[in-house]
Amino acid sequence: MRRLRNRLAGALLSVLALSLTATGCAGSSGAASGAGDPTSSPAGASVANRVEPLAGRPEPRLPVTVPSADGERVTVRAAERIVPLSGSLSEIVFTLGLGDRVVARDVTATFEQAAKLPVVTRGHDVSAESVLSLKPDLVLAETTSGPEEAVDQIRAAGVPVLFVEAAKGLDDVGPRIGAVADALGVPAAGKELTRRSEQRIEAVRQDVPHGEKPRVAFLYLRGSASVYLIGGKDSGAGSLIEAAGAVDAGAASGLDKDFTAITSEALVKAAPDAILVMSKGLESVGGVDGLVKIPGVAQTPAGMDRRIVSVEDGVLLNYGPRTDQVLESVVAQLYGEDGAK
């Protein structure tokens, strides 16, 4: 069942959503080192808090019938009132040039153009009543969206719900854009945005320094909830780390699961030269000063050198139209003056 396949992903999204709600949606990205003050000015390239829509405004040609990632076929007859159930899907709709049709957002939609929309979902905590109260004619969901009963309730009310495969890596950027664009009746815009996104990502990859590959561990931190995890093979960060010319330290150390509770032994075995974190997660543990107090962190090369790469929660693993900026930020922090060498 979809519920069982996505239980951990849903739990992580819920914790992330609670953290964003408690600390606010505005975030910054940048390397943290030295003093470890989470409020200090970031170093390295940053991710813009705005999306960049395509030039021109595409006109949807509907109705269309498209495949949904849950195995169903969905007929979309109108797209005047769209509710995306994740920040990543919102980002795609806005970047396609159809943001004026979005009537609500998930708490993880942190970019500027969506800021004034009402929040109707929080990660894995979809409120069917809140969604239906806005009278949507299309709901866009991740395969990790839930609870399943809420999504079923929305469908039972006659609202088309299109599921899009959850992002796992850089290869998902184009297919996710295409799935959303096809459902909105703007396939040409989808192809254009896919081409633009992939070209920009490739341009960043061309500038990645060559030489010895640093080992980078992705840590998922939520200090307020006492959640401290290290990413493994299926964390979703692997392809981003590799595109930055680095080695995913968690996966390389034999962590086959998506996330594993942090232990001193796991961190010492991973031996990261740098640590990748979400900015709100870093703040939740008290910045770099708090991070190095987590058992095992101070004993790693990254901990000893205080080499931390941080990117805003709402965009780090979106794998969408702003992923080139995410990759550029990671590369700048990893190889820059303040990043891991």
Side-chain angles (χ1 to χ4, degrees), residues 8 12 29-36 38 42-45 168-170 205 208-223 226-311 313 316-317 326-341:
L8 177 58
L12 291 176
S29 62
S33 61
K168 297 179 181 178
L170 286 169
R205 298 182 73 160
V208 173
H210 298 289
E212 185 175 353
K213 296 178 180 291
R215 295 173 64 88
V216 178
F218 173 46
L219 302 188
Y220 187 93
L221 311 169
R222 286 297 176 262
S226 297
V227 175
Y228 309 102
L229 306 173
I230 179 171
K233 180 179 178 182
D234 296 322
S235 72
S239 70
L240 183 67
I241 292 171
E242 292 169 4
V247 174
D248 184 338
S253 70
L255 298 178
D256 292 329
K257 297 193 300 182
D258 43 12
F259 290 94
T260 300
I262 289 177
T263 64
S264 297
E265 293 76 13
L267 283 171
V268 169
K269 186 176 181 180
D273 300 302
I275 290 173
L276 173 65
V277 293
M278 296 179 179
S279 58
K280 293 298 180 185
L282 183 61
E283 291 178 21
S284 77
V285 297
V288 177
D289 287 340
L291 176 58
V292 296
K293 293 177 182 177
I294 294 175
V297 173
Q299 285 69 52
T300 67
M304 288 185 281
D305 292 338
R306 300 168 68 90
R307 296 307 188 206
I308 312 301
V309 177
S310 66
V311 179
D313 304 47
L316 176 59
L317 299 182
V326 173
L327 180 58
E328 184 179 13
S329 178
V330 171
V331 170
Q333 294 177 65
L334 192 56
Y335 301 100
E337 182 178 353
D338 293 320
K341 307 278 189 194

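Throughout, numbering of the chain's residues begins at 1 and tracks the sequence. Computed from a predicted structure; not experimentally measured.
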Are side-chain heavy atoms of [X] and [Y] found at a separation under 4.5 Å?
X	Y	answer
Leu291	Ile308	yes
Val292	Arg306	yes
Ile241	Val247	no
Val285	Lys293	no

Just verifying a value: how many Å separate [X] [atom1] and [Y] [atom2], rounded to the nearest 0.5 Å?
X	Y	atom1	atom2	answer
Glu265	Gln299	CD	CD	10.5 Å
Asp258	Lys168	CG	NZ	10.0 Å
Thr263	Ile294	OG1	CD1	12.0 Å
Leu219	Leu276	CG	CG	8.0 Å
Leu255	Asp234	CG	CG	11.0 Å
Leu221	Ile230	CG	CD1	10.5 Å

Identify the two heavy atoms, one from [X] and one from [Y], that lie closest to each other, and give their separation to 0.1 Å.
X	Y	result
Thr300	Val297	OG1-O, 2.7 Å
Leu240	Val330	CD2-CG2, 4.3 Å
Pro209	Val331	CD-CG1, 4.3 Å
Lys233	Asp256	CB-O, 3.6 Å
Gly296	Ser264	N-OG, 3.5 Å
Ala249	Ala270	CB-O, 3.5 Å

**Request:** Evaluate side-chain contact (heavy atoms from CB on, under 4.5 Å) for Leu317 paired with Phe218, printing each intermediate quantity in order.
**Result:** CA-CA 11 Å; Leu317 299 182; Phe218 173 46; 3.9 Å; yes
Spell out, as yes or no, whether a donor-acceptor pair under 3.5 Å connects the side chain of [X] to the backbone of [Y].
X	Y	answer
Ser310	Ser279	no
Arg222	Ser284	no
Tyr335	Ala244	yes
Ser239	Leu170	yes

